[in-house]
S.K.: 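Below: one structure in structure tokens.
Just so it is clear, the values below take in all heavy atoms, side chains as well, and ignore hydrogens, waters and symmetry mates. Reminder, nothing fancy here: chain letters follow the sequence lines and each chain counts from 1.
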Amino acid sequence: MQIDVRLYGPLARYGGSDRNIHAKVIVDLDAGQTIRDLLYALDLPTEARGITFINGNLSAMPGLQPDLDHKLQDGDRVALFHEKSMWPFQYRHDVAATGEFREALQAREDGGLQSRYDQDAAKRP
Amino acid sequence: MWILRLNMTDHSYKLEDILERYKHLGGRGLTSTLIYDEVDPQCHPLGPANKLVFAPGMITGTSAPTSARVSVGAKSPLTGGIKESNAGSGWAPALARMGIRALVVEGQPEGEGFWMAHIAMVDGKPQVAFMPADEYTGRDLYEVYPEIYARFGNKVHVAAIGTAGEFGYPNSGVAFNDMKRNPTRYSGRGGLGSVMGSKRLKAIVIDPTDGPGVHIADEGLFKQGQAKMREALMEHAITKPKGGLNSYGTAILINILNEAGGLPTRSFSAGRFEGAADVAGEAIFETNKERTGKEVYNHACSPGCIIQCSNTLYDKDGKEAVSCIEYESDWAFGPNCGISDLDAIGQLVTLCNAYGLDTIEAGVTIGVAMDSGMIPFGDAEGAISLMHEIGKGTARGRLLGMGAANVAKAFGNPRSPTVKGQAMPAYDPRAVKGIGVTYATTTMGADHTAGYTIAPEILSVGGASDPLKAEKGKADLSRAFQKTTALIDSSGHCLFIAFAILDIPSGFEGMVEEVNGMFGTNMTGDELVELGAEILRRERAFNEKAGLTKAHDRLPEFMHIEPLPPHNVVVGLPDEVYDAVYGEL
């Protein structure tokens, strides 16, 4: 199956661009493969990515990556953002998200009401 | 501590000791309270009864980080309701350090000429000189500011209106100087420039030399709070030096919203723009690197800011072309107009600064004009030409200066992306549903800065599975966000501290300690948020008397019936959600 991948900012180099703006690549995967497999195919370590979308559905944020085992479908569009990218809570509140991401938010004590999910870890190891 | 009143009817002024009940207010809390107390809600916004109030925040003028904000308030000629529009500029701490907690411009002179006010300390008190300003009218503010600085010296700070304010447009802002003394920091929204223009006041020049400074009641507590705030801002990935905002500016959001399918494109007809990546913050950063040969990080809009999110776009020769291209400005003239040429967008932003216009209102207006067939989408040259018409006051320019809602009416176009007459910012509420409730209900008209959030523990976060309860939860959240935003807008801190103090609780503690240290009070976080609620109640009460009711707390009809690609969603909330926001305040 073919996955339409968009890589932004400094991640563009994983898509073969030497400008840190944007790259679009088509990645061939086997049926049933996941985001983890896609990152492997791109040689992109998961800790190097931040906000992630699958078909416009939010699937990961800094410090919260419940999408690694998300099974991709032929023709899916996956957008990968760099660590400096941001999307504060009030500007993404109630947007379309993957099922795994919604469940991960609901499982948190704060209900997901943070701008990022990696600050806690930095503050309280 | 004073309130300084400029009476434009006879060019007199009065210095009053600040009343007890205003002593612990600042910024938006003070502008909105003074408007509520002193302005007839039914007055004409451009008549003699309206007042224009400038107030630095509670802690503005201190060494607290990222706190150089000024709130400007009046009855808005754009929405017909109360307005506060907030800007970051050295003008704000300068006013605070002169001991002026609020500057109230009132009355209206007879005759055609424009005036300026020069405020300086004489014998320990602010003294005002009124002087004719006709030599500065009808001109580009980028020419006017250097002349004012040449005349009064580089230590002054300047607030001024452009031709948009002189003409009385509902789209007109008040410009404040940036760190390079250019007219780029705006209280842009809601037509406040024309309120100033209606009083025939072109500029307010303030010289803070020999000002008494601001009095801090409990230095120890204040310093403790300030240190916590500083630490949170320095630590958070979004706000720290070389973090998200310092590297890419607010325009970092272009690609994100585009991928989310919520970037309003071609006047809110789609949620994705094919040229988004070419105009996003990442593209600005990389373009600058290619044009200057080095990595350019962003700068502060005002003194004492840690976040430093203001970008600059350099031209092909490596010279500064424009500052600052905010996310909203970038989007309004870019994706919203189908324009993917960064240099053209920079030029359009420059024209807003030059003529004294709000970039959001101007860009959305051009988008509506395109959607109505005046010029095609993507026509950058046509857009530039229309902006010059606005700035020069041609018949067509005057129509466009009336703002997006009025232009939609003029063309019989029901696709008017506005609430209470104010243009909607860069998050389509069909895709970003949470912000839609705030757009609809805020006292300000569609506004993306009305619903910031802090400290989850003081908000009631739902988690209920019952759908009715979940929808009620949307109202609860929006109300909570609006309260905390009213508080930050009053504090004098920039709203962007919210990113850090949301995720790092000691940052919020720091803000509470700063305010308590400033005033010698002992308020809890909850009590401060209640102060935010009280400010909203006053604003809401003003609006109700001005004729804005819950029937105006609605999103435009086309967003309920036209699905937004790529998610193909409409706004689907019942009216009860909107009504509950202020119904239960």
Side-chain angles (χ1 to χ4, degrees), chain A residues 5-12 17-24 50-59 61-63 77-97 105-124, chain B residues 235-238 242-245 247-248 252-253 255-262 271-272 276-278 280-283 285-287 289-290 427 431-438 448 451-453 456-457 459 461-463 474 477-478 481 485 496 498-500 502-506 566-567 569:
Chain A
V5 182
R6 315 288 170 121
L7 297 139
Y8 289 99
L11 296 193
S17 169
D18 55 1
R19 297 176 83 211
N20 298 319
I21 297 180
H22 174 239
K24 174 182 185 311
I51 298 162
T52 306
F53 295 92
I54 305 170
N55 299 323
N57 297 298
L58 183 60
S59 71
M61 291 277 299
R77 171 170 170 157
V78 176
L80 299 162
F81 284 85
H82 51 101
E83 288 178 289
K84 282 191 184 179
S85 202
M86 64 154 201
W87 200 13
F89 181 85
Q90 60 271 18
Y91 296 143
R92 67 169 194 270
H93 168 208
D94 222 1
V95 293
L105 284 189
Q106 279 163 13
R108 291 176 58 91
E109 252 181 52
D110 58 29
L113 202 138
Q114 300 284 320
S115 285
R116 301 170 69 97
Y117 304 100
D118 55 351
Q119 289 294 147
D120 285 0
K123 183 87 179 158
R124 306 179 201 86
Chain B
E235 190 181 312
H236 196 275
I238 293 179
K242 297 200 176 178
L245 283 168
S247 302
Y248 297 107
I252 196 174
L253 283 165
N255 285 322
I256 294 283
L257 267 295
N258 192 52
E259 285 297 339
R272 267 199 195 140
D278 298 328
E282 288 90 339
F285 186 81
E286 199 63 13
T287 301
K289 197 163 101 187
E290 288 165 6
Y427 311 84
V432 189
K433 292 185 179 301
I435 211 166
V437 179
T438 299
H448 64 295
Y452 271 54
T453 177
E457 65 273 16
L459 305 169
V461 184
K474 294 179 203 299
L477 270 186
S478 178
F481 293 175
T485 303
F496 291 175
F499 308 144
L502 171 63
D503 293 348
I504 303 172
S506 57
H567 290 298
V569 283

S.K.: Just by modelled atom types, is the A/R116 backbone N or O under 3.5 Å from a matching donor or acceptor in the B/D503 side chain?
M.R.: yes
S.K.: Give me the atom names and distance for the closest heavy-atom approach of A/K84 to B/I252.
M.R.: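 Heavy-atom minimum between the residues: O-CD1, 3.2 Å.
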S.K.: Walk me through whether B/F499 and A/Q114 qualify under side-chain contact (heavy atoms from CB on, under 4.5 Å).
M.R.: CA-CA 8 Å; B/F499 308 144; A/Q114 300 284 320; over 6 Å; no
S.K.: Quick check for you: among A/V95, A/L58, A/N20, which has the greatest number of heavy-atom pairs under 4.5 Å with chain B?
M.R.: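 The option with the most such pairs is A/N20.
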S.K.: So for B/H567, is it side chain, backbone, both, or neither that comes closer than 4.5 Å to the heavy atoms of chain A?
M.R.: side chain
S.K.: At a heavy-atom separation under 4.5 Å, does A/F81 approach chain B through its side chain, its backbone, both, or neither?
M.R.: side chain
S.K.: Just so I know, are the side chains of B/I256 and A/Y8 near enough to count as touching, which here means a heavy-atom distance under 4.5 Å?
M.R.: no
S.K.: Can you measure from CE (A/M86) to OG (B/S247) and round to the nearest 0.5 angstrom?
M.R.: 11.0 Å
S.K.: Side chain, backbone, both or neither: which part of B/A431 has an atom under 4.5 Å from a heavy atom of chain A?
M.R.: backbone
S.K.: Counting only heavy atoms closer than 4.5 Å, note whether A/I51 contacts chain B via side chain, backbone, both or neither.
M.R.: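 The side chain, not the backbone.
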S.K.: Does A/D94 have any salt bridge (Lys or Arg N to Asp or Glu O under 4.0 Å) partners at least two apart in sequence or in another chain, and if so, which?
M.R.: B/K474
S.K.: Just to verify, what does B/K289 make a salt bridge (Lys or Arg N to Asp or Glu O under 4.0 Å) with, not counting sequence neighbours?
M.R.: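 For B/K289, the residues satisfying salt bridge (Lys or Arg N to Asp or Glu O under 4.0 Å) (neighbours in sequence not counted) are B/E286.
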S.K.: Search all heavy atoms of B/G451 against all heavy atoms of A/Q90 and return the closest pair with its distance.
M.R.: O-CB, 3.1 Å
S.K.: Look at the aromatic rings of B/Y427 and A/Y91 and report parallel, tilted or perpendicular, splitting at 30° and 60°.
M.R.: parallel
S.K.: Go through the atoms of A/R92 and report whether side chain, backbone, both or neither lie under 4.5 Å from a heavy atom of chain B.
M.R.: backbone
S.K.: In terms of heavy-atom pairs under 4.5 Å with chain B, which of A/H22, A/R77, A/E83 leads?
M.R.: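 Maximum pair count with chain B is reached by A/R77.
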S.K.: Give the C-alpha distance, both sets of side-chain angles, the deciding distance and a yes or no for side-chain contact (heavy atoms from CB on, under 4.5 Å) between B/K433 and A/H93.
M.R.: CA-CA 7 Å; B/K433 292 185 179 301; A/H93 168 208; over 6 Å; no
S.K.: Specify the closest pair of heavy atoms between B/E282 and A/S85, including all atoms of both residues, with the distance to one decimal.
M.R.: OE2-OG, 4.4 Å
S.K.: OH/B/Y452 to OG/A/S115 distance, rounded to the nearest 0.5 angstrom?
M.R.: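 B/Y452 OH to A/S115 OG: 9.0 Å, rounded to 0.5 Å.
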S.K.: Measure the CD-CG distance between B/E259 and A/N57 for me, rounded to the nearest 0.5 Å.
M.R.: 11.5 Å
